[in-house]
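One structure is given here, and the rest of the page talks about it.
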Amino acid sequence: MAQEDIFKKIIAHAKEYGFVFQSSEIYDGLSAVYDYGPNGVELKNNIRRYWWDSMVKLHENIVGIDAAIFMHPRTWEASGHVGAFNDPLIDNKDSKKRYRADVLIEEYMEKLEQKIEKEVSKAAKRFGDSFDEAMFRQTNPRVKANQDKIDAIRNRMVKALESENLEDLRQIIIDAEIVCPVSGTKNWTEARQFNLMFDTKLGSVSEDASKIYLRPETAQGIFVNYLNVQKTGRMKLPFGIAQIGKAFRNEIVARQFIFRMREFEQMEMQFFVRPGEELKWYEYWREARMKWHKALGMGDEKYRFHEHDKLAHYANAAVDVEFNFPFGFREVEGIHSRTDFDLGSHEKFSGRKIQYFDPETNESYVPYVVETSIGLDRMFLSVFANAYQEEELTNDKGQKDTRVVLNIPPALAPVKLAVLPLVKKDGLPDIAREIIHNLKFDYNCQYDEKDSIGKRYRRQDAIGTPYCITIDHQTKEDNTVTIRDRDTMKQERLKIEELAGILEKKVGFRNILDSLQ
RNA sequence: GCGGGAGUAGCUCAGUGGUAGAGCAUCAGCUUCCCAAGCUGAGGGUCGCGGGUUCGAUCCCCGUUUCCCGCUCCA
């Protein structure tokens, strides 16, 4: 089956079994916004818990916070989002390609720059030692003309960007006769402003209301709380702050189901370290995070690192953990060495001293940061998509049969145990209810007496329940039940008292967390 | 945003210018069964939304919205 067909089935399965619904579906839905259903929220909560426990419970020096989605607008100036997330875009009508207008102009100026450099190096060769570059630049008419042109365009562009004059930005492109690199034509649309941050008004009286943004990343909530956490928690470097929360981006194109949503959830941990030690810690977290992923047992070959060739303005090292989705290897997590960019920038914008006094060296400095940032919804999709299996079976009569099973790592499964009375009489349902009553405080259990036993097993397979126990007539005689394994479909008989211990071992978080240490 | 395809029951889909169908699923009853598909019955849809053409539109036309596939950005 083609990969996209499988992906379609996965999306259909997610809806049919209550994992993911489109937002506001009865009103035709909202583009790139999704809701999690009853089984979806369980799976999501379990992923969240696996992450949180592995960070906050297992590390003495990592603590959690939960910062608000609304933040002071200056935060986003300091972080660079107001600049970087406000792109003037322009389309070429012939090639249908979209460009950032300012980048298009920058590239044009670079070309002029290259022309000048060529002239200069040619002249340098000709005149040898006696060549005076400064003089040549000032006097050579061709070089001077190009240099003047560059200066004029740059001035005009800076002005246009500052005043957000999109018409003039477009006019620069027209006047300079910049062509589309693909189609080679000058057939441009209007330039439009795209703001990737959502904004709203704070204050109920409209005249006094001020514009604030929904956070486009959770990291800044950690950075602005660095001092609070460090001082109140008496934290010593190196230490980390973890946070799980929603972030919002008004994506131009949002697609591939829940892979790219406008409202999404991040699980981030910012690790503060002594300057100069950031690359050591970067290496540490890179390996630690990969181990965390692989510990789920979804297959080591499903993961790979993707090194960044060009780094963001705030980073001095960066790598992605990529997962093999039905549509190819894509990023689920990023590990970035963010230097002192964020804290340093907040220091500048806020005027507060955001530093750490190091008792070992008797020095004060702005800590460096190593970030691990994982998309919770992407993690959900990786688990869900990877779990979806269609198995071909043959029964005792030799008939073919297809079984749809979600091979979810047991610790993450929405329902851990289904308790099924073989028949709904002879007191078997009562025994089933009693077993559930004893286990439901620790494990999500489900009761089902409807339809044949085989059908009930298949229903549980479809939502990834790792174990089904069946109450039969023998149960009444010796207090034993059969336990059926989702993956092997094999059954074993065991005593009811043994159930809790078995579940702890097979579906609990303890073993998997222990393997990380 | 641009181009291509699609939207009919919870799911997968059929169908016709004249009041809407199947299979699966759901619910009730029978059956009491250890790996889907036993029997009987029931519920469920202004055919994505809005407008137009028509005596009459789920079907034809226009707009819109959502999803899928390409082109660009990102967690």
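In the text below, chain A, chain B and the rest are named by the order of the sequence lines, each starting its count at 1.
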Proximal nucleotide (of [options]) relative to the [X] side chain:
X      : options             : value
A/K450 : B/C67, B/C35, B/C27 : B/C27
A/I453 : B/C34, B/C68, B/A75 : B/C34
A/R260 : B/C27, B/C35, B/C73 : B/C73
A/T482 : B/C34, B/C27, B/C74 : B/C34
A/E331 : B/A75, B/U32, B/A36 : B/A75
A/R493 : B/C74, B/C68, B/C34 : B/C34

Distance, rounded to the nearest Å, where [X] contributes [atom1] and [N] contributes [atom2]:
X      : N     : atom1 : atom2 : result
A/K9   : B/C24 : NZ    : P     : 18 Å
A/D451 : B/A25 : CG    : P     : 8 Å
A/E391 : B/A36 : CD    : C1'   : 14 Å
A/I374 : B/C74 : CD1   : C1'   : 16 Å
A/I26  : B/U65 : CD1   : P     : 19 Å
A/I258 : B/C67 : CD1   : C1'   : 15 Å
A/D487 : B/C35 : CG    : P     : 18 Å
A/Y457 : B/C35 : OH    : P     : 8 Å

Relative to [Y], does [X] satisfy both conditions: NZ or CZ under 6.0 angstrom from the six-membered ring centre, and within 45 degrees of the ring's axis?
X      : Y      : result
A/R289 : A/W285 : no
A/R433 : A/Y447 : yes
A/R484 : A/Y457 : yes
A/R304 : A/F329 : yes

Kindly say if [X] contacts the phosphate of [N], meaning a side-chain N or O under 4.0 Å from OP1 or OP2.
X      : N     : result
A/R459 : B/U26 : yes
A/S452 : B/C34 : no
A/K455 : B/A25 : yes

Describe the nucleic acid contact of [X] in one word from base, sugar-phosphate, nothing, applying a heavy-atom distance below 4.0 Å.
X      : answer
A/T402 : nothing
A/Q22  : sugar-phosphate
A/R484 : base
A/G375 : nothing

Gap in Å between the two [atom1] atoms, one belonging to [N] and one to [M], rounded:
N     : M     : atom1 : answer
B/U64 : B/G3  : P     : 11 Å
B/C60 : B/C2  : P     : 24 Å
B/C49 : B/G7  : P     : 13 Å
B/A22 : B/G15 : P     : 15 Å
B/A9  : B/A42 : C1'   : 15 Å
B/C27 : B/C62 : P     : 44 Å
B/A57 : B/U8  : C1'   : 14 Å
B/U65 : B/G50 : P     : 15 Å

Under-4.0 Å salt bridge between [X] and [Y]:
X      : Y      : answer
A/K294 : A/E301 : no
A/R459 : A/D451 : yes
A/E268 : A/K246 : no
A/E77  : A/R74  : yes

On RNA chain B, does the nearest nucleotide to A/D426 precede the nearest nucleotide to A/L30 from the 5' side, or the other way round? Give the residue.
A/D426
Please compare A/V332 and A/Y27 by the position of their nearest nucleotide in RNA chain B and report the one closer to 5'.
A/Y27
Check for me whether the distance between the ring centres of A/F272 and A/Y226 falls short of 6.0 Å.
yes
Does the separation of the ring centres of A/F19 and A/Y17 fall below 6.0 angstrom?
no
In the structure I gave you, are the side-chain heavy atoms of A/V20 and A/F257 within less than 4.5 Å of one another anywhere?
yes
Does any N or O donor sit under 3.5 Å from an N or O acceptor when you compare the side chain of A/R378 with the base of B/C74?
yes
Mind checking which stems touch RNA chain B? I mean at least 3 consecutive Watson-Crick or G-U pairs, both distances under 3.5 Å.
B:1-7 with B:65-71, B:10-13 with B:21-24, B:26-30 with B:38-42, B:48-52 with B:60-64
Separation between CD of A/E16 and NZ of A/K9, rounded to the nearest 0.5 Å
11.5 Å
The correct set of residues in residues 466-476 of chain A placing a heavy atom under 4.0 Å from RNA chain B is A/T470, A/D472
Please list, for nucleotides 9-12 of chain B, all pairs of protein and nucleotide N/O atoms separated by less than 3.5 Å.
unit_1: B/C11; atom_1: OP1; unit_2: A/K15; atom_2: NZ; d: 2.3
unit_1: B/C11; atom_1: O2'; unit_2: A/E16; atom_2: OE1; d: 3.3

Hits for salt bridge (Lys or Arg N to Asp or Glu O under 4.0 Å) against A/R486, two or more places apart or cross-chain, chain-then-number order -> none
Mind checking what makes side chain to side chain contact (heavy atoms under 4.5 Å, CB included) contact with A/V273, not counting sequence neighbours?
A/P238, A/F271, A/E278, A/W281, A/Y368
Name of the residue among A/E333, A/E307, A/H306, A/R330 meeting side-chain contact (heavy atoms from CB on, under 4.5 Å) with A/D320:
A/H306
Does CD belonging to A/E492 count more than 12 external heavy atoms closer than 6.0 Å?
no
Counting only heavy atoms from other residues, nucleotides and ligands, does the tally under 6.0 Å from NZ of A/K476 exceed 12?
yes
Polar-atom pairs under 3.5 Å, protein N or O versus N or O of nucleotides 46-48 of chain B: list them with distances, or write none.
unit_1: B/G48; atom_1: O2'; unit_2: A/D28; atom_2: OD1; d: 3.0
unit_1: B/G48; atom_1: N2; unit_2: A/D28; atom_2: OD2; d: 3.4

